[in-house]
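Reviewing the structure listed below.
Order of appearance sets the numbers: ligands from 1, and atoms from 1 within every ligand.
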Amino acid sequence: MEQNLREFGELDFELREQQPEVDAACKASKKGGVRNAAAEMLSTEWKKLWLDAMGLQSSLDNQKALLEEMKRLEGWKWEDWKERYVEWNDHAKARVSDLFRRIDRLHTGNVPRQVFIDGIIGSKFPTSRLEMEKVANLFDKGDGMINAKEFINALRFDSANRNAKPQTDTEKITHEIERQKKTCSCCTPYQIEKISENHYRFGDTHIKRMVRILRSTVMVRVGGGWESLDEFLHKHDPCRAKGRLNINMFPEARPTHALDSMRAFTKNRHAKEAGLPTTGTPGPIMKIREKTDRSVPMSGGLGGTAGYTVTTTPDHRPSRIPRAPSDMSAGKLSRVGSTSNSKGSLFDSPSRPDSRASSEAGDKQQTQQTRIPSLRGRKGQRYGLGLKFQRFY
Ligand SMILES: [Zn+2]
């Protein structure tokens, strides 16, 4: 084989060397305007020679590939193939039974050997015809048929076996990293290089990252925290990071901790807001109602301080009745009864928020230090007014 290739290389070289000479001869014959039979023949023969050479080259290439594949398959083991195939199926979320349902046209449970081989090759599983012949040999009982159930069971037994075998954490990490490496489809595969036990280098960076197992998930140390290996690769491996922004793919490019500090900030803000009276916070009407329900007992007594609540006379303040007059003054006489007596009625519920909202703004102002008391008071008032408008117009 080696010699064949070498000889072919020499032939190819000679052909190329003599090409100008032949070209010149052909040209010269045409220039004279006289058809030179010898030149024509030379030209035709020369072309034929080239075609033969090309045919020889492709057949040599095929033979070479076949030899390489045979070499690769020398120590071929069903277990290795099985593991690869089961893993590939996991990754592709394909089911072998689906494959058989597709290729077993007659639903006999038996598939002709060639159909089986074509089916698996057609499913894009990286294998070769030569390798598939070896697989088929294991299941072909001499009748040229592959039994689907037998094949699937053989795979299943293996996957159970595979789950039983793990291992120490380090072995699990190595196994998972190898598995993830195989799923990379980049032209130049994404590099994951083991530096020491539990330390790996990812991609082109020189950052050494710690890797460990946390509740059976492989985690990668990122910044001050941990990220699952899968998540990490979806950000950094180009073939998995489709549609992502560069800033996500290359976190080194942005200020360190930029994202982290932002997250922390938002969290704190939310926490504070939850603790504070939400009186001044702009938001839907529902929000105001929520808060006012809490402050029912105080609304009467302190309502006036907000500057808005329309509690009328001092005698009325301690009870909930005082708010009835406010409604009355607003021209909703018919509702007075319901406002003061039936708390849960649908009808009067919209009338409560505004007066309570403002009154609470008032009492919070007194009982609790807010950062900008005056603003909160005014805001509450504004909301009260907004509600009124909504109600009456
Ligand atoms: Zn990749």
Side-chain angles (χ1 to χ4, degrees), residues 65 68-69 71-73 76 79-96 98-99 119-129 131-132 155 158-159 162-163 165-167 169-260:
E68 274 168 7
E69 181 65 10
K71 206 171 185 184
R72 191 176 74 81
L73 295 177
W76 189 84
E79 276 71 30
D80 296 343
W81 187 90
K82 202 161 38 170
E83 179 150 352
R84 255 173 59 222
Y85 188 64
V86 169
E87 243 161 43
W88 178 84
N89 270 301
D90 277 354
H91 178 63
K93 300 274 180 287
R95 284 199 305 184
V96 191
D98 291 340
L99 170 76
I120 296 217
I121 288 175
S123 70
K124 304 253 164 56
F125 173 65
T127 181
S128 66
R129 221 157 261 283
E131 188 173 30
M132 285 313 298
L155 289 177
D158 183 55
S159 77
R162 201 167 48 109
N163 292 338
K165 122 181 117 179
Q167 305 140 355
D169 276 6
T170 315
E171 278 170 341
K172 277 187 213 161
I173 290 171
T174 314
H175 187 260
E176 176 65 9
I177 296 238
E178 285 308 316
R179 197 184 69 83
Q180 290 280 7
K181 260 177 161 176
K182 275 182 211 156
T183 66
C184 174
S185 59
C186 297
C187 298
T188 30
Y190 185 75
Q191 290 296 313
I192 306 176
E193 192 191 335
K194 187 169 186 167
I195 294 169
S196 66
E197 181 136 327
N198 299 344
H199 281 93
Y200 284 82
R201 190 157 57 208
F202 293 87
D204 310 325
T205 62
H206 295 288
I207 304 170
K208 192 170 83 171
R209 292 188 187 279
M210 205 171 145
V211 173
R212 70 162 185 181
I213 294 253
L214 182 69
R215 271 186 249 115
S216 76
T217 310
V218 177
M219 307 293 279
V220 182
R221 185 84 175 163
V222 178
W226 294 90
E227 205 167 59
S228 78
L229 177 65
D230 204 51
E231 214 178 324
F232 181 86
L233 289 174
H234 273 89
K235 285 182 189 162
H236 294 82
D237 181 357
C239 68
R240 285 171 244 216
K242 268 176 202 141
R244 278 186 172 276
L245 299 173
N246 280 355
I247 199 154
N248 290 335
M249 282 171 61
F250 306 106
E252 299 83 7
R254 69 166 190 239
T256 350
H257 304 316
L259 193 69
D260 290 345

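With sequence neighbours left out, Glu131 forms a salt bridge (Lys or Arg N to Asp or Glu O under 4.0 Å) with Arg72, Arg84. For Lys194, the salt bridge (Lys or Arg N to Asp or Glu O under 4.0 Å) criterion is met by no residue, not counting sequence neighbours.
Under the 4.5 Å side-chain criterion, counting only non-hydrogen atoms from C-beta, Gln191 is not in contact with Asp204. Taking the side chain as every heavy atom from C-beta outward, Asn89 and Phe125 never approach each other to under 4.5 Å.
One finds a salt bridge joining Glu176 and Arg179 here, because a Lys/Arg side-chain nitrogen approaches an Asp/Glu carboxylate oxygen to under 4.0 Å.
Within the protein, the N, O or S atoms lying under 2.8 Å from the Zn ion (ligand 1) are Cys184 SG, Cys186 SG, Asp237 OD1, Asp237 OD2, Cys239 SG.
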Could you tabulate the donor-acceptor pairs under 3.5 Å formed by side-chain atoms of residues 221-230, not counting sequence neighbours?
unit_1 : atom_1 : unit_2 : atom_2 : d
Glu227 : OE2    : Lys235 : NZ     : 2.5
Ser228 : OG     : Glu231 : N      : 3.1
Asp230 : OD1    : Gln180 : NE2    : 3.1

